[in-house]
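All remarks here apply to the structure that follows.
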Number of protein chains: 2
Amino acid sequence: MTDAVALPLRERKKAETWTALHEAAASLALQHGVEQATVEAIAANAGVSPRTFFNYFQAKEDAILGLREPVLEASLLAEISVTADDLVGQVSRLLMTVASTALGGDDRARRRQLIARDPHLGRRHMDYMVKAETLVCQALAGVLGQESAWADGVEGFGPEESARMLVMIAGVPIRFKLTSADFDPVEGISAETLQPSLALLRHLLRKLS
Amino acid sequence: MTDAVALPLRERKKAETWTALHEAAASLALQHGVEQATVEAIAANAGVSPRTFFNYFQAKEDAILGLREPVLEASLLAEISVTADDLVGQVSRLLMTVASTALGGDDRARRRQLIARDPHLGRRHMDYMVKAETLVCQALAGVLGQESAWADGVEGFGPEESARMLVMIAGVPIRFKLTSADFDPVEGISAETLQPSLALLRHLLRKLS
DNA sequence: TTGCACAACTGCATACTTGCAGTGATGCAC
DNA sequence: GTGCATCACTGCAAGTATGCAGTTGTGCAA
């Protein structure tokens, strides 16, 4: 995580506690299995109380995988060109990028081992996908509202509604990839591995419209 | 629920226990609020143990609303015409019908009161939407596999993959409607109320492809 | 009718999760 | 530095959820 300097003490301690909990959770789960790694033991190993554990993670699985709340950088939003012809692709990739910010921690090998042993750990990815969707949705509504081609809305719906449905459509190839048998939850999704699913979506869009 | 006759005793008792738990849950939640209606109290009022409660419902909210596992009637599947030009609409409506089979119990007024007081109850609809999607997905894959236009697959994907993504696309207008501010979780979605969302989807499909 | 297989159900033990009231450290203005 | 608002953290208590081993009742076939 290559922490830079100059963080306020409070922020730094918070980050340290986060890391301590994640490390303890992943380590214990690897040694004794997810079931045996109780919240109590994790908290004890990290030197905090069980109650504090839930101030950092919504569920034990999140701590083991090192999942954070996703964030959307303003600079990424600025790169979106609403008038370009590959709008679905752009939004899909944005969605993917935002979703991937939810993955904290950096020990990929360990994560792979954990998910291999307990596949159910991988399922929480979808939850964080939903959070990313919400984030992108709100942001995109703002962008569309300032574009003449979208601002007026279509078919009796405003730009907010257009944005909402657009994000849902752009989310399809990602959900598709996420639920594929060959999906690797450790590597996540990249712009390249998303390509085939995006191609299938475009093909179906033509076939159905 | 107009139970017909001639059910085996075992089936009948199971249905009775289901109804007793749902009635107790809805009634207690209405009287004292969702928070105060504990699983323990619900089970006691229904005359079964708390453990048994969880053999019937995955969560307290499901019991209060009377949600069941959705089912897909074979006859509905037979009506699907893969070659028709309104395939998205057909699948959307099928999806909607299957999802609506998850709503058991029949006291609409009570359900309305409950959701009005505790809006978070409505959110579990989405979970059952996912289950319905899975169901329709598997079924549709079988249908597409027998159609020459789809059997070969497209863009390097087989009919299963086409079906999966097709269902995701058809699910968009429903998810859209489900997350709309004006959505009424009591009335659910009908073929007519789905129309505008479906129109917006078609519009976007044309605009994006 | 008897006996068996199976599903429903139960108690018990344990773990997960949340709310609340209280304590102490931090950051900031003065 | 002093005082204050805020936040991180804690203990405690209660509610939610699950697994397991054991019991009871049902359906069915001999």
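In what follows, chains carry the letters A, B, and so on, assigned in the order in which the sequence lines appear, proteins first and then strands, with residues in each chain numbered from 1.
A heavy-atom distance below 4.0 Å to DNA chain D is reached by none of the residues of residues 26-42 of chain A.
Contact between the side-chain N/O atoms of A:Lys14 and the OP1/OP2 oxygens of D:dC7 is not found at any separation under 4.0 Å. Residue B:Lys60 has a polar side-chain atom (N or O) positioned under 4.0 Å from OP1 or OP2 of D:dT16. Contact annotation: B:Thr17 side-chain N/O to C:dA8 OP1/OP2 distance is not under 4.0 Å.
Distance B:Gln58 CD to C:dC16 C1': 17 Å, rounded to the nearest Å. Remark: C1' of D:dG15 and CZ of B:Phe54 are 10 Å apart, rounded to the nearest angstrom. Atom P of nucleotide C:dC9 and atom CZ of B:Phe53 are separated by 14 Å, given to the nearest angstrom. In this structure, A:Asn55 atom CG and D:dG11 atom C1' are separated by 13 Å, rounded to whole Å. Between the CD1 atom of A:Ile64 and the P atom of C:dA15 there is a distance of 15 Å, given to the nearest Å.
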Distance-only criterion, 3.5 Å: show the donor-acceptor pairs between side-chain atoms of residues 32-46 of chain A and protein atoms not counting sequence neighbours.
| from | atom 1 | to | atom 2 | distance (Å) |
| --- | --- | --- | --- | --- |
| A:Thr38 | OG1 | A:Ala41 | N | 3.1 |

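For A:Ser49, whose side chain is taken as the heavy atoms from C-beta onward, the closest listed nucleotide among C:dC9, D:dG11, D:dC9 is D:dG11.
Of the two residues contacting DNA chain D, namely A:Tyr56 and B:Pro50, the nearest-nucleotide position lying further toward the 5' end is that of A:Tyr56.
Ion pair A:Lys177/A:Asp182 flagged as a salt bridge, since at least one NZ, NE, NH1 or NH2 atom sits closer than 4.0 Å to an Asp/Glu carboxylate oxygen.
Qualifying salt bridge (Lys or Arg N to Asp or Glu O under 4.0 Å) partners for B:Glu16, counting only residues two or more places apart in sequence or in other chains: B:Arg12. Remark: A:Glu23 engages A:Arg110 in a side chain to side chain donor-acceptor pair (under 3.5 Å) (not counting sequence neighbours). Evaluation of the side chain to side chain donor-acceptor pair (under 3.5 Å) rule for B:Glu69 yields B:Lys131 as partners, not counting sequence neighbours. Partners of A:Ser100 by side chain to side chain donor-acceptor pair (under 3.5 Å), not counting sequence neighbours: none found. Taking the side chain to side chain donor-acceptor pair (under 3.5 Å) definition, one finds that A:Glu133 meets it with A:Arg175, sequence neighbours left out.
Under the salt bridge (Lys or Arg N to Asp or Glu O under 4.0 Å) criterion, the residue pairs touching residues 49-65 of chain A are A:Asp62-A:Arg124, with sequence neighbours excluded.
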Pick out the pairs of N or O atoms, protein on one side and nucleotides 20-27 of chain D on the other, that lie under 3.5 Å.
| from | atom 1 | to | atom 2 | distance (Å) |
| --- | --- | --- | --- | --- |
| D:dC20 | N4 | B:Arg51 | NE | 3.4 |
| D:dG25 | N2 | B:Arg10 | NH2 | 3.1 |
| D:dT26 | O2 | B:Arg10 | NH2 | 2.8 |
| D:dG27 | OP1 | B:Leu9 | N | 3.2 |
| D:dG27 | OP1 | B:Arg10 | N | 3.3 |

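Side-chain contact, A:Ser27 with A:Gln31: a donor N or O sits under 3.5 Å from an acceptor N or O.
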